[in-house]
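Written out below as structure tokens is the structure these notes cover.
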Amino acid sequence: MSYPTQNHHESAYMSLMKGLSELNLQGSTVPSDLVLTGDHAFPLAMNSQGHVLMAASLYGSGRIVVLGHESYLTAFPALIENALMWLQGDGSDNLCVGVHKNVMGVADNLSNSVFQAKVVEAYSDNLGVGVYVTDAYSVGANVKDLVAFMKAGGGVLIGGQAWSWAADHPKENTLLQFEGNKVSAVAGIYISDHRGEAECLPVFPQIPSSWMSAVIGKDFEDDLEFLLKGVSEFDLQGGSIASEVLVHGPLAFPIGTTGDGRAFLAGAYYGQGRVIVVTHEGFLGRETLAPFWINAIHWLDEGRQGVVGVEPGYLVDTLSKSGLNCEKSNFRKDLSVFVCTAYRDDHAQEIQDFVAEGGGLLIGGHAWYWAQTHHGQNALTDFSGNKILNKMGLSLLGATIGGGLYKAPVPSQAIKDTYHFRHLLHCFAGHVNQGKELSKHEEECLTKLGQDCANYLHMNAHDSSYYAQVVSTLTDIVKKSGMPQVSDSCPVKSPKDHLLLNVATEVYKVSKDPDALLPYLIKHNPLMPVVYNHRIKINVNTAEGDEWISTGLYLSPGMKTYMAIPPEIVNKDWKIQIGCQTDRLSSQELKRAPCVHERFTVDSEMMQVWNLWGGLIYLIAPPKTQVNRMEATVQMAVPAPYYKSGVTTAAEWSLLRKAPAPWAELEFDNIILTVPSDYVRNLECPDELAAHWNEIMKAVADLAAKPHKFPRKERFVTDVQISHGWMHAGYPVMAYKASAPELVGVNNARSKGIWGPIHELGHNQQRSCWELPPNTTEATCNLWSVYVHEEVLGINRAKAHPCLTVENRNSRIKEYVEGGKKINSWSVWLALETYLQLQEKFGWDGLKKVFAAYHQMSNFPKNNEGKMNLYAETFSKTVGLNLTGFFKAWGWPIEKATEEKLSNLPPWSDHPMAQYV
């Protein structure tokens with residue numbers, strides 16, 4: 001992974017601090033603390049309290065250096081010469097420097113340098129200078145010209161403090177109204193009204209960093225008072241599903257949140273402008289929110305009384321009530337406020353510059369649907385809205401927020417009572433580094449902080465100095481606290497440990513030196529014997545889903561390897577996966593990390609791969625892909641117990657079952673079993689297990705009326721913890737490791753049965769065209785369990801599961817009938833009874849023929865009533881009897897039209913439910 005822009009910042013820092021060993025800021029002057037936002041601002045000098053006293057940034061093609069006091073312009077001549085050299089830009093030979101008359105001492109210091117100083121009354125376009133130097137109080141009326149000069153490639157050096165100005169202007173907004181900020185803020189550097197502690201600072205070899213700098217740059221009480229005037233609650237009721245927004249910038253703040261602190265409405269300062277985001281575009285036109293939108297438009301307009309442009313296709317009526325000139329318009333630079341959705345980024349840079357230079361932005365949209373429909377992509381970096389918002393300190397997440405009535409915050413209590421990412425991160429860092437006590441509210445928010453840190457790190461904003469500060473802070477926290485060594489015997493329960501587990505996993509992924517971090521994360525990581533240059537044969541013909549190709553190889557935690565990939569599959573949606581367990585956990589008690597697999601998109605013929613948690617290595621073939629006789633080569637990996645029917649010999653298996661990797665795989669004709677290796681160490685005859693599972697999978701296919709060869713082999717993975725249930729269906733089927741013995745034990749399965757695993761395989765056979773959710777979701781899958789137990793394992797249904805004894809079956813029917821045969825209570829075992837009665841009359845062949853008939857059909861009903869009528873019609877025609885009386889006796893809503901279609905067939909009059917009619 002490379003960090004090009006951050007390296008650019010580092011090289012800029014080295015140029016700016018060249019030859020300097022310390023900066024003695026002690027004396028009578030009191031500087032301002034600088035607040036940095038955006039991707040390009042970075043600190044040059046930071047004191048022991050985390051106050052930034054000098055900083056630099058980029059804007060457009062130009063550069064800026066900001067000093068927290070004007071006296072620094074003359075106190076450090078070597079620093080100023082470095083700054084002027086950097087500010088003039090790469091390749092520029094314009095050594096002419098414009099110096100405002102109020103800081104002519106700078107010109108005096110430059111008299112013996114290579115620069116030609118020109119003392120001027122004010123900045124103007126005709127100065128012909130490469131760099132302009134001024135104090136923060138003399139920017140004057142030419143702000144726009146000076147910003148344009150910088151944007152076009154010029155350099156600006158500015159020094160000054162704002163705390164004394166703020167004291168003289170208590171009702172003014174320092175961030176926007178202080179003279180110096182009208183230029184520096186555009187580049188993401190604000191001279192704040194907070195006093196900075198002046199110290200003698202060493203010059204560090206790298207950009208200075210401190211956990212104490214992770215603070216909020218403003219209290220936002222006045223902003224919230226303005227925005228929430230006349231607003232007591234936010235009405236999000238209805239069918240709209242919103243996203244959560246992560247509020248992470250130093251000048252970003254939540255406005256509307258749920259009771260547990262998740263934000264759906266937030267604002268931020270960005271440059272000289274402001275932004276508000278709401279996490280569903282449908283709320284922009286909602287009448288009950290009109291009072292807030294009126295306030296919001298005025299807050300964004302900042303008194304300019306300008307034009308509010310609303311993206312075409314969205315209502316302007318509500319916004320027009322603000323009294324401002326609202327019109328439908330695409331983005332234009334002459335607007336005062338632009339209102340748009342988060343689903344386009346074709347003007348992202350222009351919109352960012354528009355806001356930075358003073359415009360207002362109101363943007364609405366959610367990211368959850370995009371995240372659900374763009375598997376393998378990163379919503380934080382790839383979703384269009386975030387390409388605009390991330391730099392502004394706001395990011396739309398894939399997490400959802402449901403409708404409801406949510407109370408508006410109390411402005412004076414907002415920071416104290418409302419969850420804010422930066423505030424809590426600062427508090428937690430203080431807790432770890434200095435032992436500061438956390439409040440009860442802060443402790444309750446730690447789990448969410450861990451999730452938000454993980455989300456934030458997914459931004460991969462290595463070109464942002466603040467991102468680097470957060471990574472550094474979290475790295476220090478992890479090193480000091482260590483990562484909980486989570487396991488079955490040592491579960492993670494406390495919010496603090498949840499946070500550390502979440503954070504450590506994600507910090508490792510983005511760390512510049514993950515190898516140095518690894519010993520702090522994995523305490524027990526023994527060396528294992530490896531194989532070199534192991535070849536993997538690739539022969540696939542995939543159907544509709546991704547297909548995992550087992551390699552029989554394992555990577556230890558943090559172990560890196562290279563894979564040589566055939567050029568034919570590079571950039572063709574293939575992936576490499578490390579780890580067999582793809583469930584994500586959200587439990588309060590964790591016995592493993594929430595996510596323990598990694599995926600890498602195959603975009604090169606030589607791929608380096610790794611995973612903090614280690615894991616089996618897979619190639620993942622995309623749908624509808626046919627590849628034959630290709631090979632990939634794994635440079636170095638740990639051999640795993642891996643048996644493949646028809647390939648692995650008995651002699652090979654006698655050695656492989658003792659292979660050191662902790663995970664084993666048994667690949668048979670139609671199923672692959674992945675279990676902890678301990679469960680196969682004593683498996684001497686995998687061919688017997690293969691025959692056992694081949695027979696089971698053939699039966700699964702038979703009942704489904706499908707060919708015996710599955711288009712994609714089913715998979716089972718057993719682990720210490722899964723996302724939900726004792727087992728759950730999918731690819732792979734997931735189960736707890738306690739289920740491993742019944743998967744790999746033939747005698748156990750044939751004597752006691754394996755109801756659960758077959759139940760999950762049955763889920764994978766369910767089809768929406770004949771499935772009646774939620775009633776039959778946990779019912780029809782059990783047809784496969786009954787069929788396999790009776791036809792393959794020789795276990796009668798009454799013994800296969802206690803719920804299928806005659807007594808239990810009869811009592812359920814009686815209770816259902818006496819309760820009025822309400823279809824809402826027709827589910828699970830009761831619903832299964834309907835299908836079992838059909839099977840007991842017409843045999844398994846009757847069900848198979850019905851499933852086969854559905855394979856030939858299309859244009860199915862969408863609702864359950866329609867599906868029920870189609871099923872009754874299909875089954876009746878298949879067996880040559882009119883079954884409508886039977887289904888009506890079960891309470892199915894059989895229509896007259898269906899009865900008429902089947903009236904020519906003889907009725908099934910002696911059906912089992914006749915006695916209850």
| task | Evaluate side-chain hydrogen bond (donor to acceptor under 3.5 Å, both in side chains) for Glu357 paired with Tyr59, printing each intermediate quantity in order. | result | CA-CA 11 Å; Glu357 293 171 23; Tyr59 187 68; 2.6 Å; yes

Give a yes or no answer on whether the side chain of [X] reaches the backbone of [Y] with a donor-acceptor pair at less than 3.5 Å.
X      : Y      : value
Asn142 : Leu146 : no
Asp382 : Asn378 : yes
Asn571 : Ser604 : no
His374 : Trp370 : yes
Trp86  : Ala12  : no
Arg262 : Thr257 : no
Ser192 : His194 : yes
Ser184 : Gly180 : yes
Gln352 : Leu389 : no
Ser57  : Ala187 : yes

Between [X] and [Y], does any side-chain donor sit less than 3.5 Å from a side-chain acceptor?
X      : Y      : answer
Tyr467 : Asp39  : no
Thr601 : Asp603 : no
Thr341 : Glu311 : yes
Ser384 : Asp345 : no
Asn390 : Ser395 : yes
Asp476 : Trp211 : no
Ser243 : Thr279 : no
Gln349 : Asp353 : yes
Asn460 : Thr381 : no
Tyr269 : Asp223 : yes

| request: Tell me whether the guanidinium CZ or amine NZ of Lys407 lies under 6.0 angstrom from the six-membered ring centre of Phe234 and within 45° of its axis. | output: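 Because its charged atom misses either the 6.0 Å distance or the 45° angle limit, Lys407 does not stack over Phe234.
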
| message | With side-chain hydrogen bond (donor to acceptor under 3.5 Å, both in side chains) as the criterion, how do Gln469 and Ser213 come out once you've worked through the C-alpha distance, each side chain's angles and the decisive distance to 0.1 Å? | response | CA-CA 8 Å; Gln469 293 269 347; Ser213 67; 3.0 Å; yes

| With a 4.0 Å cut-off, would you call Arg63 and Asp90 a salt bridge? |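 Salt bridge present between Arg63 and Asp90.
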
| Is any side-chain N of the basic residue among Arg332 and Glu327 closer than 4.0 Å to the acidic one's carboxylate O? | yes

| task | Report the C-alpha separation of Arg286 and Glu281 in whole Å, then their side-chain angles, then the decisive distance to 0.1 Å, and conclude whether the salt bridge (charged side-chain N to carboxylate O under 4.0 Å, His left out) test is met. | result | CA-CA 10 Å; Arg286 182 165 290 193; Glu281 70 280 9; over 6 Å; no

| query | Should the pair His280 and Phe283 be assigned to parallel (<30°), tilted (30 to 60°) or perpendicular (>60°) ring geometry? | reply | tilted

| Angle class for the Phe331/His347 ring planes (parallel below 30°, perpendicular above 60°, tilted otherwise)? |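 Answer is tilted, since the angle falls between 30° and 60°.
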
Taking all atoms of both residues into account, what is the closest heavy-atom pair of [X] and [Y], and its distance?
X      : Y      : answer
Gln272 : Leu176 : OE1-O, 3.3 Å
Leu36  : Ala55  : CD2-CB, 3.7 Å
Leu446 : Leu424 : N-CD2, 4.4 Å
Cys340 : Leu361 : SG-CD1, 3.9 Å
Asn295 : Val231 : ND2-CG2, 4.1 Å
Leu227 : Ala296 : CD2-CA, 3.7 Å

Spatial distance of atom [atom1] ([X]) from atom [atom2] ([Y]) [nearest 0.5 Å]:
X      : Y      : atom1 : atom2 : value
Trp293 : Leu300 : CH2   : CG    : 9.5 Å
Ser210 : Met46  : OG    : CE    : 6.0 Å
Cys445 : Phe421 : SG    : CZ    : 13.0 Å
Leu397 : Gln451 : CG    : CD    : 10.5 Å
Leu236 : Leu265 : CG    : CG    : 8.5 Å
Leu474 : Ser511 : CG    : OG    : 11.5 Å

Looking at [X] versus [Y], is the centre-to-centre ring distance below 6.0 Å?
X      : Y      : answer
Phe354 : Phe338 : no
Phe42  : Tyr13  : no
Tyr132 : Phe149 : no

| query | Are more than 12 heavy atoms from other residues, nucleotides or ligands located less than 6.0 Å from atom CZ of Arg304? | reply |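 Yes, the 6.0 Å shell around CZ holds more than 12 heavy atoms from other groups.
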
| message | Please check if the number of heavy atoms outside Tyr369 that lie under 6.0 Å from its OH is greater than 12. | response | no

| message | Before you tell me yes or no, could you show the steps for Ile191 and Val66 under side chain to side chain contact (heavy atoms under 4.5 Å, CB included), namely the whole-Å CA-CA distance, both residues' side-chain angles and the distance that decides it to 0.1 Å? | response | CA-CA 8 Å; Ile191 304 171; Val66 181; 4.0 Å; yes

| task | Please say which of Tyr456, Tyr466, Tyr419 ends up in a ring-ring contact (aromatic ring centres under 6.0 Å, His included) with His248. | result |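 With His248 as partner, Tyr456, Tyr466, Tyr419 yield a single ring-ring contact (aromatic ring centres under 6.0 Å, His included), made by Tyr456.
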
| said: Consider ring-ring contact (aromatic ring centres under 6.0 Å, His included). Of Phe264, Phe383, Tyr343, which one does His366 pass it with? | reply: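 Answer after filtering Phe264, Phe383, Tyr343: Tyr343.
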
| message | Let's go through Glu172 and Phe178 carefully: what are the C-alpha distance in whole Å and the side-chain angles of both, what is the deciding distance for side chain to side chain contact (heavy atoms under 4.5 Å, CB included) to 0.1 Å, and is it a yes or a no? | response | CA-CA 8 Å; Glu172 299 289 332; Phe178 178 61; over 6 Å; no

| query | How far apart are the C-alpha atoms of Phe253 and Leu251, what are their side-chain angles, what is the distance that settles it, and do they pass the side chain to side chain contact (heavy atoms under 4.5 Å, CB included) test? | reply | CA-CA 7 Å; Phe253 58 101; Leu251 294 176; over 6 Å; no

| query | Please walk me through it: do Ile64 and Ile158 pass side chain to side chain contact (heavy atoms under 4.5 Å, CB included)? | reply | CA-CA 8 Å; Ile64 187 171; Ile158 188 169; 4.3 Å; yes

